[in-house]
Number of protein chains: 2
Amino acid sequence: MPKKETKAKLFQGSLDMLILKTLTNGSMHGYSITRHIFEASEEFINVEEGSLYPALHRMARKGWIESSWGTSDSNRRAKFYKLTQKGKKQLKVEQAAWLNMNSAINQILDFRLAKG
Amino acid sequence: MPKKETKAKLFQGSLDMLILKTLTNGSMHGYSITRHIFEASEEFINVEEGSLYPALHRMARKGWIESSWGTSDSNRRAKFYKLTQKGKKQLKVEQAAWLNMNSAINQILDFRLAKG
DNA sequence: CATCTCCCATAGAATGTCTATGTAATATAA
DNA sequence: TTATATTACATAGACATTCTATGGGAGATG
C-alpha cells in the first residue's frame, strides 16, 4: 500500500462557506473551485464532484451565487460562478458561526475541571 | 421577540468527539453530559436529546463507551457511561482529525492570492 | 487515434442531527 | 396534597449534506 489515505471528511455544513470564501478571489468555475480549495488547504480538503455540484446548485437557488457559461483556461466549456451581495452577507454569517463554534469546541477539548 | 436565538447547529461529525472528551472527566450519565458540554462551551452548544441518546447508543455499539445503570445526584435512575480503552483511542483520532481539518479550513478562510 | 485531463451532472446510499413526541420519577412550589 | 418543573431516558421520522458511483462530452496530448 502506497499511503495511509485517511480521507479527511468534511464537517457537514462547512462546504458552502469554503466555496463562498473561494469565490471572493473572483469568478470561478466549479472544477477550479475544488482545485483552489485543495491547494489552499495544502492538499488536505478534496471536495468530491458529487458534493460540489449539488452544493453549487443549492447555493445558486438560494441566490448566494450566480452562474454563466464561459470558456476555461484550457479552452473548455465551463460554468462560472460569482458571489452575489446576498452571498457576501452569507459568507460573513457563516464565518461568524464557524468562529463561534470553533472556539466553543476548542474550549471543550481543553476543558479541565478546576474546581476548588 | 426576546432574543436573537440563532441556534448554533453542530457541525456533523463533531458530537462524538465532544462526548468522548466530556467523559474523560469521569463516568457520567447522558443528561449530565449535555449539561457539561453546555457549560464548558459557555452555553453555546446545547446538545438536543434527540441527538444525544442516539449518539450514545451508537458509540456504545462501537465499543467506545460502556453503560451501567445507577442513581444520579438528584436521586433518579440514570444510565452512566464511561470511556473504554477503544474510546480513548478514538478520541485521540478524532481530536487529531479535528485539528487538521480546523487548520485546513482556517487556512482557506485566510487565504489570500499572493501570486507574483 | 487513443488516452488523459478537464468539466458538468445526477441518482442513490450513508450518515448524523434535528424536531416532535412519549414516558416516568423526583423535587419544588402553591 | 396537588400542580408544576426538572431530571432522565428513548424513539420515530424529517431533513440536510456529503459521499460513492456512474455517465457523458469535449479539448489536449502522445
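Letters go in sequence order (proteins before strands), and every chain restarts at 1. What you see below is based on every heavy atom in this structure, not just the backbone, and it leaves out hydrogens, waters and symmetry mates. Just so it is clear, the structure is predicted and the values come from calculations on it, not from any experiment.
For the ring pair (Phe, Tyr, Trp, His ring centres under 6.0 Å) condition, the pairs that include at least one residue of residues 73-98 of chain B, sequence neighbours left out, are A/Phe11-B/Trp98, B/His29-B/Phe80. Among residues at least two apart or in separate chains, there is no ring pair (Phe, Tyr, Trp, His ring centres under 6.0 Å) pair with a member in residues 43-63 of chain A. Note on residues 78-87 of chain B: no pairs pass salt bridge (charged side-chain N to carboxylate O under 4.0 Å, His left out), not counting sequence neighbours. Sorted by first and then second residue, the salt bridge (charged side-chain N to carboxylate O under 4.0 Å, His left out) pairs involving residues 53-69 of chain B (not counting sequence neighbours) are B/Asp16-B/Arg58.
For A/Tyr53 and C/dC8, the shortest distance from a side-chain N or O to OP1 or OP2 is below 4.0 Å. In this structure, A/His57 reaches the C/dT10 phosphate: one of its side-chain N or O atoms is under 4.0 Å from OP1 or OP2.
Residue contacts shown for B/Ser72 are limited to sugar-phosphate atoms, with no base heavy atom under 4.0 Å away.
Within residues 90-98 of chain A, no residue approaches DNA chain D, by heavy-atom distance under 4.0 Å.
DNA chain D is contacted by both A/Arg77 and B/Trp69; B/Trp69 maps to the nucleotide lying nearer its 5′ end (nearest heavy atom per residue).
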Identify the pairs formed between an N or O of the protein and an N or O of nucleotides 22-30 of chain C at a distance under 3.5 Å, and give each distance.
unit_1	atom_1	unit_2	atom_2	d
C/dT26	O2	B/Arg76	NH2	2.3

Check nucleotides 16-18 of chain D for protein N or O atoms closer than 3.5 Å to its own N or O atoms and list the pairs.
unit_1	atom_1	unit_2	atom_2	d
D/dA16	N3	A/Gln12	NE2	3.4
D/dT17	O4'	A/Gln12	NE2	2.7
D/dT17	O2	A/Gln12	OE1	3.1
D/dT18	OP1	A/Gly13	N	3.1
D/dT18	OP1	A/Leu15	N	3.2
D/dT18	OP2	A/Arg58	NH2	3.1

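The side chain to side chain donor-acceptor pair (under 3.5 Å) check on A/Ser74 picks up A/Ser72, A/Arg76, with sequence neighbours excluded. Judged as a side chain to side chain contact (heavy atoms under 4.5 Å, CB included), and not counting sequence neighbours, B/Lys89 has no contacts. For B/Arg35, the side chain to side chain contact (heavy atoms under 4.5 Å, CB included) criterion is met by B/Tyr31, B/Phe38, B/Glu39, B/Asn46, not counting sequence neighbours. The side chain to side chain contact (heavy atoms under 4.5 Å, CB included) test applied to B/Lys88 returns B/Leu83, B/Gln85, not counting sequence neighbours.
The closest side-chain heavy-atom distance from A/Leu99 to B/Leu109 is not below 4.5 Å. In this structure the side chain of B/Asn102 reaches within 4.5 angstrom of the side chain of A/Asn106, judged on heavy atoms. By the 4.5 Å heavy-atom criterion applied to side chains, B/Ile65 and B/Leu20 are counted as neighbours.
Residue B/Met59 contributes atom CE, which lies 15 Å from atom P of D/dC9 at whole-angstrom precision. In this structure, B/Ile19 atom CD1 and D/dC9 atom P are separated by 12 Å, rounded to whole Å. Atom pair A/Arg61:CZ and C/dA9:C1' shows a separation of 14 Å (rounding to whole Å applied). B/Leu52 places its CG atom 12 Å from the P atom of D/dA8, with the value rounded to the nearest Å. Atom OH in A/Tyr31 sits roughly 14 Å away from atom P in C/dC4 (whole-Å rounding). Note: NE2 (A/His29) to P (D/dA26) measures 17 Å, nearest angstrom. If you take CD1 of A/Ile65 and C1' of C/dC8, they are 14 Å apart, rounded to a whole angstrom. One atom, CE of B/Met28, and another, C1' of D/dT7, lie 16 Å apart when rounded to the nearest Å.
Shortest non-hydrogen contact noted between B/Met28 and B/Thr22 is CE-O, 3.6 Å.
Here the nucleotide nearest the side chain of A/Glu48, chosen from D/dC9, D/dC19, D/dT11, is D/dC19.
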